[in-house]
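Data first, discussion second: the structure below is written as structure tokens.
Basis for what follows: all heavy atoms, side chains included, without hydrogens, waters or symmetry-related copies. First the proteins, then the strands, lettered A, B, ... as listed; each starts at 1.
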Protein chains: 2
Amino acid sequence: MRKENSTNTLNKRQMEMDCGMSYTLAAIGGRWKPAILWRLTHGKLRYSVLRDAIPQVTERMLVLQLRELEKDGLIKRIVYAEVPPRVEYELTAKGKSLTPILQNLSDWGEKNR
Amino acid sequence: MRKENSTNTLNKRQMEMDCGMSYTLAAIGGRWKPAILWRLTHGKLRYSVLRDAIPQVTERMLVLQLRELEKDGLIKRIVYAEVPPRVEYELTAKGKSLTPILQNLSDWGEKNR
DNA sequence: CAGCATCCAACACGATACTG
DNA sequence: CAGTATCGTGTTGGATGCTG
């Protein structure tokens with residue numbers, strides 16, 4: 001790593017750009033997060049439905065990514081006190097605000113791949 | 001991995017969404033790609049300028065990510081037949097078309113972190 | 001039903017040294 | 001100036017089996 005030069009004024013706008021983007025990419029960048037978020041855009045889904053809607057994901061990864069999305073405040077986990085257990089996942093307002101961005105990413109990908 | 005059920009019609013729109021997004025995220029998702037792309041939005045930059053504009057990156061990673069961006073057609077590498085050598089990097093049209101999307105990602109990140 | 005625990009492989013990324 | 005080469009590490013994610 002090179003030494004950082006104090007006269008090197010990489011300006012504030014650039015750092016904020018990097019920073020904001022890193023945050024967003026970390027939030028949606030997991031291997032299965034886009035798939036999960038997209039499935040949830042049309043409403044609440046039960047764990048088993050979500051799982052069956054993304055057949056390629058292992059349960060381990062599904063749960064891990066759901067937990068991260070929850071921790072980042074993008075989805076809400078709703079546990080019903082029933083037997084057998086029922087758990088549903090739903091986008092939060094923050095999560096919903098990502099929808100147009102996900103759409104943009106998808107559109108760009110479809111057009112350019 | 002669960003066995004894929006042939007009656008499980010995960011519909012075509014969903015698969016295209018995932019697919020397009022995966023493609024886009026792979027294109028911009030590298031650790032330093034957003035930083036590189038952003039630096040290039042205002043025009044051609046020389047290798048050493050780019051390097052000094054992102055002091056945290058090692059040369060190894062910078063070159064690797066530049067090569068991938070080039071392979072994906074987002075940037076163009078221009079080598080001048082001079083001594084000492086000079087190399088410049090520039091966004092392609094495809095790369096430029098990402099700018100508004102990067103801006104969205106940055107804005108969302110700034111607002112929500 | 002909705003997970004968790006364990007083990008393991010692949011890869012991304014960093015540090016450091018060297019070069020056409 | 002603009003890179004390569006080599007080595008080492010931490011994280012990501014997959015396979016498999018078990019559980020409140």
Side-chain angles (χ1 to χ4, degrees), chain A residues 1-5 8 18 21-23 25-37 39-40 44-72 75-90, chain B residues 1-5 8 18 21-23 25-37 39-40 44-72 75-90:
Chain A
M1 185 93 56
R2 274 154 305 99
K3 195 162 42 176
E4 189 149 355
N5 178 346
N8 176 357
D18 293 349
M21 260 185 294
S22 301
Y23 177 85
L25 288 170
I28 66 175
R31 176 76 183 77
W32 302 103
K33 287 180 187 177
I36 294 169
L37 291 172
R39 296 316 187 283
L40 292 177
K44 233 181 314 201
L45 285 182
R46 203 167 163 160
Y47 173 80
S48 53
V49 173
L50 204 47
R51 186 193 57 200
D52 295 345
I54 314 174
Q56 306 88 346
V57 72
T58 60
E59 301 211 27
R60 170 184 141 79
M61 285 314 300
L62 180 58
V63 173
L64 282 177
Q65 305 255 303
L66 284 169
R67 292 292 178 273
E68 285 188 36
L69 290 169
E70 190 189 1
K71 188 159 65 67
D72 291 338
I75 65 174
K76 191 163 61 162
R77 180 167 177 267
I78 308 161
V79 183
Y80 297 86
E82 299 177 2
V83 179
R86 180 160 60 107
V87 177
E88 294 184 331
Y89 293 92
E90 178 179 30
Chain B
M1 184 90 59
R2 272 155 306 100
K3 196 161 41 174
E4 190 149 357
N5 178 346
N8 175 356
D18 293 349
M21 260 186 294
S22 302
Y23 177 86
L25 287 171
I28 67 176
R31 176 76 182 77
W32 302 103
K33 287 180 185 176
I36 294 169
L37 292 171
R39 298 310 187 287
L40 291 176
K44 231 180 314 201
L45 285 183
R46 208 169 156 157
Y47 173 79
S48 53
V49 173
L50 203 46
R51 186 193 56 201
D52 295 346
I54 313 172
Q56 306 88 343
V57 73
T58 61
E59 302 211 31
R60 170 185 143 78
M61 284 315 299
L62 180 58
V63 174
L64 282 177
Q65 305 255 303
L66 284 169
R67 294 289 180 275
E68 284 187 36
L69 289 170
E70 190 189 2
K71 188 159 64 68
D72 291 338
I75 65 174
K76 190 164 60 163
R77 181 167 176 267
I78 308 161
V79 184
Y80 296 86
E82 300 176 1
V83 179
R86 180 160 59 107
V87 176
E88 292 184 331
Y89 292 92
E90 180 180 28

Using atom CG of B:Leu62 as one end and atom P of C:dC13 as the other, report the distance to the nearest whole Å.
13 Å

Hey, does B:Leu66 have a side-chain heavy atom less than 4.5 Å from the side chain of B:Trp32?
no

Cut-off 3.5 Å, no hydrogens considered: what does the side-chain donor-acceptor table look like for residues 78-89 of chain B, sequence neighbours left out?
from	atom 1	to	atom 2	distance (Å)
B:Tyr80	OH	B:Glu88	OE1	2.7
B:Glu82	OE1	B:Arg86	NE	3.3
B:Glu82	OE2	B:Arg86	NH2	2.8
B:Arg86	NH1	B:Glu88	OE2	3.4
B:Tyr89	OH	B:Arg67	NH1	3.3
B:Tyr89	OH	B:Arg77	NE	3.3

How close or far is atom C1' of D:dT11 from atom CE of A:Met61, stated in whole angstroms?
11 Å

Separation of D:dT12 atom C1' from B:Arg31 atom CZ, nearest Å, is 16 Å

Would you kindly compare B:Glu68 and A:Leu64 by the position of their nearest DNA chain C nucleotide and give the one closer to the 5′ end?
A:Leu64

So which protein N/O to nucleotides 2-8 of chain D N/O distances come out below 3.5 Å?
from	atom 1	to	atom 2	distance (Å)
D:dA2	OP1	B:Arg46	NE	2.7
D:dA2	OP1	B:Val87	N	3.2
D:dA2	OP2	B:Ser48	N	3.2
D:dA2	OP2	B:Ser48	OG	2.9
D:dG3	OP1	B:Arg67	NH2	3.2
D:dG3	OP1	B:Arg77	NE	3.3
D:dG3	OP1	B:Arg77	NH2	2.6
D:dG3	OP2	B:Tyr89	OH	2.8
D:dG3	N7	B:Glu59	OE1	2.9
D:dT4	OP1	B:Arg67	NH2	3.2

Starting at CD1 of A:Ile54, measure out to CE of A:Met61 and round the result to the nearest 0.5 Å.
11.5 Å

To the nearest 10°, let me know how far the axis at one end of the helix from C:dC1-D:dG20 to C:dG20-D:dC1 is tilted from the axis at the other, five pairs an end.
60°

Identify whether the distance between the nearest side-chain nitrogen and carboxylate oxygen of A:Arg39 and B:Asp18 falls below 4.0 Å.
yes

Integer-rounded Å distance: C:dA2 P and A:Ile36 CD1:
15 Å

In whole angstroms, how far is the P atom of C:dG3 from the CD1 atom of A:Ile78?
12 Å

Just how far, in rounded Å, is C1' of C:dG3 from OH of A:Tyr80?
18 Å

So, B:Gln65 side chain and B:Lys33 main chain: donor-acceptor pair closer than 3.5 Å or not?
yes

Roughly how far, to the nearest 0.5 Å, is CD1 of B:Ile36 from CZ of B:Arg31?
11.0 Å

Pick out which of A:Leu40, A:Ile28, A:Leu37, A:Leu64 makes a side chain to side chain contact (heavy atoms under 4.5 Å, CB included) with A:Leu69.
A:Leu37

Considering every strand and a 4.0 Å limit on heavy-atom distances, what is the contact class for B:Gln65: base, sugar-phosphate, or nothing?
sugar-phosphate

Nearest 0.5 Å, please: how far is CD1 in B:Ile75 from CD in B:Glu68?
10.5 Å

Could you check how far CD of A:Gln56 sits from P of D:dA15, rounded to whole Å?
12 Å

Closest non-hydrogen atoms of A:Ala27 and A:Asp72, given as atom of the first, atom of the second and distance, are CA-OD2, 4.2 Å

Expressed in angstrom and rounded to an integer, what is the separation of B:Ile54 atom CD1 from C:dG14 atom P?
12 Å

